[in-house]
**Q** 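Before I ask anything, let me first share the structure, which is written out below as structure tokens.
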Amino acid sequence: MARYLITSAIPYINGIKHLGNLIGSQLPADLHARYLRGRGHEVLFLCATDEHGTPAELAAARAGRPVAEYCAEMHAVQARLSQGFRLSFDHFGRSSSPENHRLTQHFALRLAAAGLISEVTERQMYSVADGRFLPDRYIEGTCPNCGFTDARGDQCDNCTKQLDPGELINPRSAISGATDLELRATRHLSLRQSAMRDRLAAWIDGKTGWPILTTSIARKWLNDGDGLQDRGITRDLAWGVPVQFPGAPWTGMEGKVFYVWFDAPIEYIACAQEWVAAGKGRDWERWWRTDRGAGDVTYIQFMGKDNVPFHTLSFPATILGSGEPWKLVDYIKSFNYLNYDGGQFSTSRGRGVFMDQALAILPADYWRWWLLSHAPENADAEFTWENFQAAVNKDLADVLGNLVSRVTKFCRAKFGESVPEGGTWGPREATLAADLGQRLDAFEGHMDAIEIRKAAAELRAIWVAGNEYLQAAAPWTVVRTDPAAAAAAVRLALNLIRLYAILARPFIPDAAAAMMGALGCEDWAWPDDLGAALTRLPPGHPFATPDVLFRKITDEERADWQVRFAGRR
RNA sequence: GGGCCCGUAGCUCAACGGUCAGAGCAGGGCGCUCAUAACGCCUCGGCUGGGGGUUCGAAUCCCUCCGGGCCUACCA
């Protein structure tokens, strides 16, 4: 039994996430956490909401609410939706927690002591009317390159040219439209990533088994231009972890907070402290401190590709720079994007399916199966309703659901609702067991390697093997001439249902529970001994014929949803 | 502009430089009748985006062109 620490990129507090966000980190992380638990390993699976930053402040202001209140409410919403999707976090924390405040300030102190923090004075755009400094993208104006009137301060959406907010013609606040903007000097802390460039590069170079998506993004940042740049880690905001605190080695930083991308990854650690504070665990240090028992922990992070630079460079710079024995990540699984029906998911335009909407129309397992079996691992993937309908109906309803149905109903009709006795395995059963053994090896290999699509395909093939066997054994025919042989076949088929429940549980936990529940069994032990697993339910063991596991998606529903989710939420 | 990724059957995707490029879905045929009009078997289907090159051998490596996508450090 080994120990695994798993974190999912923490979703931003601002609004309900769409299916692209879900498959980009949380769902794959949950799959892996559930799989490792199923195999008997000790797992700590953490996630949280990322609550700081300008968008949170603005969203709260728009809602006419204090930002702390707004975040608390949105955290509850996201927590509820996470539960709805059966995301099995050991704790779902908040980056605004007291634990994260303390820890973020602690890291800043350590980095300062190590000489890795510098103070820089910058000139930034200040909006007098809004009473705040504006991030580049919150300044709009006319593009000096193409004349587009709604260009943003960081880039023109029309001609894609990179801009500096000072270049905009007739600049205005994107928040209020105010034009009384002025450049003001402001002092900030900067993390001297450049000083850690070689150390980070060597660390990345040692990670030969990482996804190419992960390492190529990291290398790009390490080697681009003059190499890894220092990064500002503070902002002129009210909502966040205060930069000025008792014991801080700097002065005059009142009214500033740490940049979200400094404090958000630290929440991975703080979340473990919250987990303890919530009474769910006893010792967070044995997961995070290599000097306190975390030396044997394997730490795996899941995230979308947009998060890779922060997890491969900034956060490791924080960890390494602290000079303290914190656990560093061992494997970073990153994902491309999921697109929606020929375009991108769009939160602002309400294009695509969002987590709350998804659960309102179908149970979590339907979504989990499709998303995981189409995870954007090697390239951007696309959600279409046709594909979703076909995959769900075929894989879940026909191949798996119907198998459970035909076996239990046949048994009930011919032998009653208990595992039939009599008969023995013949060559056909031995062949099936051998085939399943090979497929199980392949499945485990793919799951261990976090090759999610391949694992899903193999799992489906394992289900198909059950139908093939049943078709060949044909107990409905055999029962007329050799009831004992038919009983042996049905007994094996009933045990297959239990096996499938165990293997499928990481993907479709509710259906797996329904299958196991129908069998009146609570033994979820991983089938390390396949032969034993296939005879686990003994003759005479009672079961209950379950309801339909997965209903089919009709053409009418598909057509309706296609229209409903096309845009303008 | 620079960098990275992708392009394989109608669709979604596989394939350490090495048998005849494979699966699923869709299409066609047959079988079965336990089952959610479900299941099984067989079958059709490819100049691996185009063009050059390296190699005994290229989907795979190199160059180039075309097409799609992403990143480019103040959204997070």
Side-chain angles (χ1 to χ4, degrees), chain A residues 9-14 50-56 58 122 124-125 133-139 152-155 160-162 164-165 174 188 193 212-213 215-217 219-221 223-225 228-232 235-236 259-261 264 304-310 313-314 336-337 339 344 373-374 376-382 384 386-387 389-391 393-414 451 453-454 456-458 460-461 464 466-477 479 486 489-490 493 547-552:
Chain A
I10 63 179
Y12 199 64
I13 192 68
N14 181 13
D50 178 14
E51 305 194 357
H52 297 140
T54 306
L58 296 180
E122 299 168 350
Q124 291 188 359
M125 211 61 99
F133 283 92
L134 296 177
D136 290 358
R137 71 159 41 197
Y138 283 98
I139 300 161
R152 291 189 324 213
D154 57 341
Q155 181 179 39
T160 74
K161 183 177 171 57
Q162 305 285 308
D164 185 276
H188 281 294
Q193 297 185 140
I212 189 167
L213 185 64
T215 51
S216 65
I217 291 173
R219 291 213 170 84
K220 157 75 171 168
W221 282 56
N223 301 322
D224 195 37
L228 186 63
Q229 302 296 296
D230 295 345
R231 178 179 273 274
R235 293 290 185 275
D236 289 290
Y259 177 41
V260 280
W261 265 118
K305 58 185 168 187
D306 50 333
N307 282 340
V308 169
F310 303 101
L313 304 168
S314 307
N336 287 283
Y337 292 144
N339 291 315
Q344 295 190 334
S373 61
H374 293 79
E377 291 176 297
N378 298 319
D380 289 353
E382 176 162 321
T384 65
E386 289 85 356
N387 190 306
Q389 178 193 26
N393 287 356
K394 196 73 193 170
D395 300 347
L396 295 182
D398 294 347
V399 175
L400 177 62
N402 182 57
L403 176 70
V404 172
S405 198
R406 65 194 296 206
V407 169
T408 52
K409 285 182 179 172
F410 178 76
C411 185
R412 179 176 60 182
K414 299 296 179 188
E451 293 268 12
R453 280 180 183 241
K454 289 178 183 172
E458 197 60 48
R460 192 197 126 102
V464 167
N467 279 310
E468 288 171 355
Y469 166 75
L470 211 58
Q471 189 70 25
W476 47 88
T477 302
V479 71
V490 170
D547 294 331
V548 165
L549 278 182
F550 299 99
R551 72 172 184 84
K552 296 205 186 192

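To find a chain, count down the sequence lines: A is the first, B the second, and so on, and within it residues start at 1. We use all heavy atoms of the structure for the numbers below, so side chains are in, but hydrogens, waters and symmetry mates are not.
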**Q** When you check every protein heavy atom under 4.0 Å of nucleotides 31-36 of chain B, what one-letter string (B, S, -) results, 5' to 3'?
**A** BSSBBB

**Q** Shortest non-hydrogen contact from A:Phe550 to A:Leu396?
**A**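 Heavy atoms only, the tightest pair is CD1-O, 3.3 Å.
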
**Q** Name all residues meeting the ring pair (Phe, Tyr, Trp, His ring centres under 6.0 Å) criterion together with A:Tyr138; count only those two or more places apart in sequence or in a different chain, and write none if there are none.
**A**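 For A:Tyr138, no residue satisfies ring pair (Phe, Tyr, Trp, His ring centres under 6.0 Å) once neighbours in sequence are set aside.
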
**Q** A:Leu228 side chain: which of B:rA73, B:rC13, B:rA76 is closest?
**A**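 Given the options B:rA73, B:rC13, B:rA76, the side chain of A:Leu228 is closest to B:rA73.
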
**Q** Classify the ring geometry of A:Phe410 against A:Trp476: parallel below 30°, tilted from 30° to 60°, perpendicular beyond 60°.
**A**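 The arrangement is perpendicular - the two ring planes meet at more than 60°.
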
**Q** What nitrogen or oxygen pairs link the protein and nucleotides 22-24 of chain B at under 3.5 Å?
**A**
unit_1 : atom_1 : unit_2   : atom_2 : d
B:rG24 : O3'    : A:Arg460 : NH2    : 2.8

**Q** Which residues pass the ring pair (Phe, Tyr, Trp, His ring centres under 6.0 Å) test with A:His374, sequence neighbours left out?
**A**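 For A:His374, the residues satisfying ring pair (Phe, Tyr, Trp, His ring centres under 6.0 Å) (neighbours in sequence not counted) are A:Trp370.
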
**Q** Only Watson-Crick and G-U wobble pairs, only distances under 3.5 Å, only runs of 3 or more: what stems does that leave for RNA chain B?
**A**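 Stems found: B:1-7 with B:66-72, B:10-13 with B:22-25, B:27-31 with B:39-43, B:49-53 with B:61-65.
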
**Q** For A:Arg152 and A:Glu468, take the nucleotide of RNA chain B holding the closest heavy atom to each; which residue's nucleotide lies nearer the 5' end?
**A**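 It is A:Glu468, whose closest nucleotide lies nearer the 5' terminus.
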
**Q** So, OP1 or OP2 of B:rC75: does either fall under 4.0 Å of a side-chain N or O from A:Tyr259?
**A**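 Result: no.
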
**Q** Check every strand shown and say whether A:Val490 touches a base, only sugar-phosphate, or nothing at a heavy-atom separation below 4.0 Å.
**A**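 Nothing: the residue A:Val490, judged by heavy atoms under 4.0 Å, touches no strand.
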
**Q** A:Asp306: what forms a salt bridge (charged side-chain N to carboxylate O under 4.0 Å, His left out) with it, not counting sequence neighbours?
**A**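 Testing A:Asp306 for salt bridge (charged side-chain N to carboxylate O under 4.0 Å, His left out), a comparison that skips the adjacent residues, returns none.
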
**Q** Hey, does A:Glu386 reach any base, or is it just sugar-phosphate, or nothing, if we go heavy atoms under 4.0 Å?
**A**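 If one applies the 4.0 Å heavy-atom cut-off, A:Glu386 turns out to touch nothing in the nucleic acid.
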
**Q** Could you tell me whether A:Asn378 contacts a base, only the sugar-phosphate backbone, or nothing, with contacts defined as non-hydrogen atoms closer than 4.0 Å?
**A**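 Result for A:Asn378 = sugar-phosphate.
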
**Q** Side chain of A:Lys220 only, heavy atoms from C-beta on: which candidate in B:rG3, B:rC4, B:rC13 is closest?
**A**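 For the A:Lys220 side chain, the nearest candidate turns out to be B:rG3.
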
